[in-house]
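Notes to accompany the following structure.
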Amino acid sequence: MQSIAIVDYGMGNVRSVQKAIEHVAPNDQVFLTDDATLINEADRIVFPGQGAMGACMQALNEHDLVATIKQAAHEKPFLGICLGLQLLFDHSQENGGTHGLSILDGEVVHFPETKLKIPHMGWNTVKHTIDHPLWQDIEDNARFYSVHSYYVQTADSSVIAGSTNYGIDFTCAVAQENMFAVQFHPEKSQHDGLQLLTNFVNWKA
C-alpha cells in the first residue's frame, strides 16, 4: 500500500479528485491534507486548484505550503491539476499580475479575444506531444474536460507533454522528471481521465 496526499489548501474541488483516485487505487491510502509533514511523508502528491491564481498563492502562503510544494515537485511522483499546473510557473497575468511558484519557466496568459467563448469550458481533444507513461492506454486526441480562461506559455518547449486547440494551440500538459501537470480535469473526464489517474498511481517516476 502506498500513500497519496492530495494537497488541500482550500482552493480546489478536492473531494471529487479524492473520490476519483480512491476509485482507481482502492488499496492505497488516499487523503486530503494541508499538513506539510504529511505531504513530505507521502509517496505521491496530487496538487489541484480552482479559482483565481492570486487567491491560490495567498492560500498556499497562509497554509505555509510554498516550500513544501516546491520540495515535493522535485522529489516524488507529482501530479498538478488545473491551477495546479499554472501555479508551477513564474508569473500569471491574472489578478493584475501574480507570481507563481517558479518551479517551471514561463508565463500564464489570458486567451486572446476571438469569437470563441471565454472561459474555455467543456470537452476538447488533447494531442500527445511526447511519449510519456501517463499517456499509456490513452489515445492521442482523446477528449478531456476543461474550465479555464488562462493558459501557460512555457519558456522551455522540452517540458510540453500535451496540447489543445481553442482558437490557438496551447500547452495543456507538461512533464519534467517526476512531475506531470495538466490544465484539464482528469477527475471530470470519465474513462480517459480515470486512466490518466491510474497511470499516475502506478508511475515509476
Side-chain angles (χ1 to χ4, degrees), residues 6-17 20 46-63 65-66 69 73 78-129 134 138 141-157 159-176 179-190 192-193 196-197:
I6 302 169
V7 183
D8 182 9
Y9 53 102
M11 296 294 296
N13 190 10
V14 290
R15 292 292 180 186
S16 62
V17 174
V46 179
F47 182 45
Q50 283 182 203
M53 186 160 165
C56 281
M57 279 301 301
Q58 181 179 346
L60 284 175
N61 280 299
E62 289 174 352
H63 288 256
L65 288 176
V66 169
I69 296 301
F78 182 99
L79 175 64
I81 298 175
C82 194
L83 270 176
L85 163 68
Q86 295 182 10
L87 285 161
L88 300 177
F89 286 83
D90 294 313
H91 187 266
S92 174
Q93 294 178 350
E94 195 170 9
N95 303 123
T98 301
H99 290 291
L101 296 172
S102 294
I103 296 170
L104 296 174
D105 295 331
E107 179 90 359
V108 181
V109 300
H110 196 275
F111 277 108
E113 295 296 329
T114 68
K115 294 181 179 179
L116 297 173
K117 292 182 179 180
I118 304 299
H120 169 222
M121 181 167 61
W123 295 85
N124 206 341
T125 56
V126 171
K127 179 176 178 56
H128 305 169
T129 56
L134 265 69
I138 298 173
N141 293 309
R143 296 171 68 83
F144 291 85
Y145 187 84
S146 295
V147 183
H148 60 117
S149 300
Y150 293 78
Y151 66 97
V152 299
Q153 289 183 333
T154 175
D156 179 4
S157 61
V159 305
I160 300 173
S163 67
T164 293
N165 184 278
Y166 193 68
I168 59 169
D169 288 326
F170 69 91
T171 297
C172 68
V174 298
Q176 185 179 72
M179 182 169 52
F180 196 90
V182 295
Q183 181 65 66
F184 52 82
H185 288 271
E187 78 279 8
K188 298 180 180 179
S189 298
Q190 299 180 359
D192 288 314
L196 188 143
L197 295 176

Measuring from [X]:[atom1] to [Y]:[atom2], what's the distance to the nearest 0.5 Å?
X	Y	atom1	atom2	answer
Asp90	Ser102	CG	OG	4.0 Å
Leu60	Leu101	CG	CG	6.0 Å
Leu88	Ile103	CG	CD1	5.0 Å
Gln153	Asp105	CD	CG	13.5 Å
Leu104	Gln86	CG	CD	12.5 Å

Mutual orientation of the aromatic rings belonging to Tyr151 and Phe170 [parallel < 30°, tilted 30-60°, perpendicular > 60°]: tilted
Aromatic ring pairing His148/His120, orientation class (parallel under 30°, perpendicular over 60°, tilted between):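 His148 and His120: perpendicular rings.
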Contacts of type side-chain hydrogen bond (donor to acceptor under 3.5 Å, both in side chains), residue Asn95, not counting sequence neighbours: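 None.
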Side-chain H-bond candidate by donor/acceptor type, His99 with His91, under 3.5 Å: no
Flag for Ser163-Asp169: side-chain donor and acceptor within less than 3.5 Å: no
Qualifying residues under side chain to side chain contact (heavy atoms under 4.5 Å, CB included), relative to [X], sequence neighbours excluded:
X	value
Cys56	Tyr9, Met11, Leu83, Leu87
Thr171	Val152, Thr154, Ile160, Val174
His185	Gln50, Ile81, Cys82, Glu187, Lys188
Gln93	Glu107, Val109, His110, Tyr150

Chi angles and distances behind the side-chain contact (heavy atoms from CB on, under 4.5 Å) call for Leu65, Phe47: CA-CA 11 Å; Leu65 288 176; Phe47 182 45; over 6 Å; no
Contact check, side chains of Leu85 and Phe180, non-hydrogen atoms, under 4.5 Å: no
Side-chain touch Leu197/Leu79, heavy atoms, less than 4.5 angstrom: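 When only atoms from C-beta onward are counted, Leu79 and Leu197 do touch, with a gap below 4.5 Å.
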Identified side chain to side chain contact (heavy atoms under 4.5 Å, CB included) counterpart of Phe144 within the set Val182, Val126, Asn124: Val126
Give a yes or no on whether the backbone of [Y] and the side-chain of [X] come within a donor-acceptor separation of less than 3.5 Å.
X	Y	answer
Thr129	Ala161	yes
Thr164	Cys172	no
Asp192	Ile138	no
Ser189	Tyr145	yes

Nearest non-hydrogen partners of Met53 and Ser92, listed with the distance: SD-CB, 3.2 Å
Heavy-atom pair of closest approach, residues Gly167 and Leu116: N-CD1, 3.3 Å
Val46/Val7 under side-chain contact (heavy atoms from CB on, under 4.5 Å): CA gap, chis, key distance, verdict: CA-CA 6 Å; Val46 179; Val7 183; over 6 Å; no
Candidate pair Ile69 and Phe78, rule side-chain contact (heavy atoms from CB on, under 4.5 Å), full reasoning: CA-CA 9 Å; Ile69 296 301; Phe78 182 99; 4.0 Å; yes
Salt bridge (Lys or Arg N to Asp or Glu O under 4.0 Å) pairs, two or more places apart, involving residues 110-128: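 Residue pairs passing salt bridge (Lys or Arg N to Asp or Glu O under 4.0 Å), neighbours aside: Lys127-Asp140.
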